[in-house]
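Written below as structure tokens is the structure these notes are about.
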Amino acid sequence: MAYTALYRKWRPSTFDEVRGQEHIVRTLKNQIITDRIGHAYLFCGTRGTGKTSIAKIFAKTVNCEHPKDGNPCGECAMCRAIAEGASLNVIEIDAASNNGVDDVREIRNQVQYPPTDGKYKVFIIDEVHMLSAGAFNALLKTLEEPPEYVIFILATTEVNKIPITILSRCQRYDFRRISIDTIAGHLRELADAEGIDADDKALRYVARVADGSMRDSLSLLDQCAAFHFDEKLTYDNVLDVLGAVDTGVFTRLFDAVVRSDTAECLRTVSEMVAEGRELTQMVTDFLWYMRNVLIIRNASEDDRLEDMVEMSEDNAKVLREQAQHVDEETLMRYIRVLSELSGQMKFATQKRVLVEIALIRLTRPAMENNLDSVLQRLAELEKKMSEIPSGADLAAAAAAAAQQGGTAGPAAGIAAASSAPKEPKKVTLPQAEYEELKLIREEWPMVVGKASGSIRSALRDSFVNPISPGRMEIIVPDQMNAKMLERLDAFQQISDIIAEDYQREIRFTARGDGSVKQEDTVYVSSEDLQAAINFPITEED
Ligand SMILES: [Zn+2]
């Protein structure tokens with residue numbers, strides 16, 4: 001018997017077998033049960049998340065002779081014909097290779113004829129964003145007034161390329177990336193059924209590499225199982241097959257980053273390239289490594305580390321050791337730089353250059369001028385300060401200097417600075433609000449520079465904090481300045497500047513308070529926080 005790839009064999013054949021898209025399945029089943037079926041659907045989402053599988057189940061159910069509870073029976077002639085791809089009622093078109101006006105005309109021809117048996121003709125157009133402009137126009141005509149017996153299901157990975165005229169005629173469903181837990185759970189079920197002997201850790205690794213795509217996870221498992229046929233599939237086996245890097249390399253790389261040893265970082269990359277390692281995968285794995293360090297840093301002594309970080313006890317110990325040499329802010333910055341990098345990698349041609357630049361950014365924060373790296377530089381300075389003789393010694397030195405008739409001068413300055421620095425308060429904001437704030441905060445001096453003369457002087461030494469979505473508070477050193485801003489109608493002017501330069505509607509108020517400093521509060525985006533804590537691929541209901 002010919003071998004059937006796992007992802008074909010395990011393709012869901014009813015709605016209840018679909019994993020990880022419960023919100024979509026529920027809605028579609030309800031539509032079928034209550035007989036309120038639409039005529040145009042748009043399924044959006046990354047590859048391998050179940051768009052075409054669900055489209056086919058939907059096509060089967062609406063044509064099924066004995067649907068059960070919104071699911072196809074799988075046994076009637078219609079169900080069987082559709083499952084075998086032999087039914088004329090389901091027309092699948094791959095728009096990637098059939099994207100011209102003529103192809104859509106062909107669809108329109110077929111739309112004219114009602115189905116000979118069954119109730120609906122279902123047109124599934126995959127990768128619909130690939131249609132040419134002319135083809136979209138032709139399709140639009142059909143979507144405007146489809147016959148009763150026609151259902152269109154358009155599927156796309158790039159919804160931003162779909163014309164608004166098409167969007168407005170479809171019911172839109174956003175397919176989520178499937179969580180690691182869901183994928184790993186499914187892999188376990190399937191491995192047991194197929195008699196594949198596999199470690200949980202191995203399956204979880206496969207699930208993680210699949211990056212939210214169930215289809216990819218099954219292909220990867222297939223690959224691993226074929227390679228280690230008749231053997232137990234272990235974590236190490238999987239690493240081996242998937243060309244992954246063992247944690248030892250990351251331990252070395254992480255140490256080098258923490259030591260700011262740029263040369264060693266670049267050397268490690270060079271070695272990995274020489275060994276033929278896949279750099280995109282390496283970045284993802286290194287990101288996970290850092291995430292694990294962060295988790296371990298926050299774990300208590302009694303936590304079972306190896307469960308939390310999915311690695312052997314020995315490796316977890318190494319991480320615990322490493323976690324002690326780096327503070328949380330710095331780790332968060334590392335993670336941010338790497339997640340940015342990971343996003344860029346997928347479509348980049350010069351992957352190695354990108355990786356090297358990121359490592360330089362990590363090891364030389366002085367080259368960056370954003371808030372994160374400033375904070376890290378500040379932390380480094382503070383550390384150096386603490387290595388300078390204690391405050392008492394400095395005070396004595398200052399007194400001695402004063403006695404000699406000099407001013408207290410720099411020594412007194414250092415003494416004051418070394419008095420315990422206040423921990424900044426950390427506030428989490430929704431991603432959009434965070435981006436907005438970050439941009440405006442960073443460029444606030446420019447905004448102030450554009451204000452008229454008297455407003456500009458009232459804004460001296462000011463900064464902004466968010467209050468609620470679309471509202472920010474300007475903090476000025478004293479109450480008089482705040483009153484002045486009010487009198488000068490400054491808020492309207494600033495809102496106008498922001499609207500023009502950033503296309504954002506923000507309302508401002510002002511508060512005079514000399515004791516509040518910008519550095520008292522650190523803002524983090526909820527996404528970063530999530531990424532740092534848990535790395536869920538997506539949340540599920
Ligand atoms: Zn049926």
Worksheet item: Hey, does the side chain of Arg204 reach the backbone of Ala184 with a donor-acceptor pair shorter than 3.5 angstrom?
Response: no

Worksheet item: Parallel, tilted or perpendicular for Phe43 and Phe175, by the 30°/60° rule?
Response: tilted

Worksheet entry | Check against side-chain contact (heavy atoms from CB on, under 4.5 Å), Phe123 and Ile93 | CA-CA 7 Å; Phe123 294 82; Ile93 301 121; 4.2 Å; yes

Worksheet item: Does the side chain of Arg172 come within less than 4.5 Å of Val159's, by heavy atoms?
Response: yes

Discussion item. Can you see whether Gln171 engages Tyr173 through a side-chain donor-acceptor pair at a distance of less than 3.5 angstrom?
Written reply: yes

Practice prompt. Check whether the side chains of Tyr289 and Thr251 place a donor and an acceptor atom closer than 3.5 Å, and report yes or no.
Written response: yes

Practice prompt. Could you tell me whether the side chain of Tyr334 reaches within less than 4.5 Å of the side chain of Val293, counting heavy atoms only?
Written response: no

Item to complete: Answer whether the closest heavy-atom distance between the side chains of Pro72 and Ile57 falls below 4.5 Å.
Response: yes

Worksheet item: Have Trp10 and Glu17 got a donor and an acceptor in their side chains that come within less than 3.5 Å?
Response: no

Item to complete: Give a yes or no on whether the backbone of Thr46 and the side-chain of Thr49 come within a donor-acceptor separation of less than 3.5 Å.
Response: yes

Worksheet item: Taking the six-membered ring of Tyr235, is NZ or CZ of Lys201 closer than 6.0 Å to its centre and within 45° of its axis?
Response: yes

Discussion item. Does Met282 form a side-chain contact (heavy atoms from CB on, under 4.5 Å) with Val249? I'd like the steps, not just the answer.
Written reply: CA-CA 10 Å; Met282 173 245 152; Val249 177; over 6 Å; no

Worksheet item: Are any side-chain N or O atoms of Thr157 and backbone N or O atoms of Gly45, one a donor and one an acceptor, separated by less than 3.5 Å?
Response: no

Item to complete: Please say whether more than 12 non-hydrogen atoms of neighbouring residues, nucleotides or ligands are located less than 6.0 Å from CD in Glu231.
Response: yes

Worksheet item: Considering residues, nucleotides and ligands other than Glu144, do more than 12 of their heavy atoms fall under 6.0 Å from its CD?
Response: yes

Item to complete: Indicate whether any N or O donor in one side chain lies under 3.5 Å from an N or O acceptor in the other, for Glu106 and Gln110.
Response: yes

Worksheet item: Which one of Ile506, Val427, Leu429 satisfies the side chain to side chain contact (heavy atoms under 4.5 Å, CB included) criterion with Leu437?
Response: Leu429

Discussion item. Please evaluate residues Phe250 and Phe286 with respect to the criterion ring pair (Phe, Tyr, Trp, His ring centres under 6.0 Å), reporting the C-alpha separation (whole Å), side-chain torsions for both, the decisive distance (0.1 Å), and the verdict.
Written reply: CA-CA 6 Å; Phe250 294 126; Phe286 193 34; 5.5 Å; yes

Item to complete: Using distance alone, with no hydrogens and no angle criterion, decide if Tyr205 and Asp236 have a side-chain donor and acceptor under 3.5 Å apart.
Response: no

Discussion item. Distance alone, cut at 3.5 Å: any donor-acceptor contact between the side chains of Ser342 and Ser339?
Written reply: no

Item to complete: May I ask you to decide if Ile498's main-chain N or O and Asp501's side chain share a donor-acceptor pair within less than 3.5 Å?
Response: no

Worksheet item: Between Arg364 and Thr262, does any side-chain donor sit less than 3.5 Å from a side-chain acceptor?
Response: yes

Worksheet item: Going by distance alone, is a donor N or O of one side chain under 3.5 Å from an acceptor N or O of the other, for Thr27 and Asn30?
Response: no

Fill in: 4.5 Å side-chain heavy-atom contact, Met78 and Lys60
no

Worksheet item: Is a donor on one side and an acceptor on the other found under 3.5 Å between the side chain of Lys121 and the backbone of Tyr113?
Response: yes

Discussion item. Looking at Gln112, I'd like to know if its CD atom is crowded, meaning that more than 12 non-hydrogen atoms belonging to other residues, nucleotides or ligands lie closer than 6.0 Å.
Written reply: yes

Discussion item. For a side-chain contact (heavy atoms from CB on, under 4.5 Å) check, start with the C-alpha distance between Gln21 and Lys51, then their side-chain angles and the critical distance, and finish with the verdict.
Written reply: CA-CA 10 Å; Gln21 307 295 356; Lys51 297 186 296 297; over 6 Å; no

Discussion item. Just so I know, are the side chains of Leu139 and Ile125 near enough to count as touching, which here means a heavy-atom distance under 4.5 Å?
Written reply: yes

Worksheet entry | pair His129-Glu127: side-chain heavy atoms closer than 4.5 Å | yes

Discussion item. Are there over 12 heavy-atom neighbours, none belonging to Lys161, within less than 6.0 Å of that residue's NZ?
Written reply: no

Fill in: Distance in Å, Asp94 CG paired with Met130 CE, rounded so as to fall on 0.5 Å steps
8.0 Å

Worksheet item: Hey, does Ile37 have a side-chain heavy atom less than 4.5 Å from the side chain of Tyr41?
Response: yes

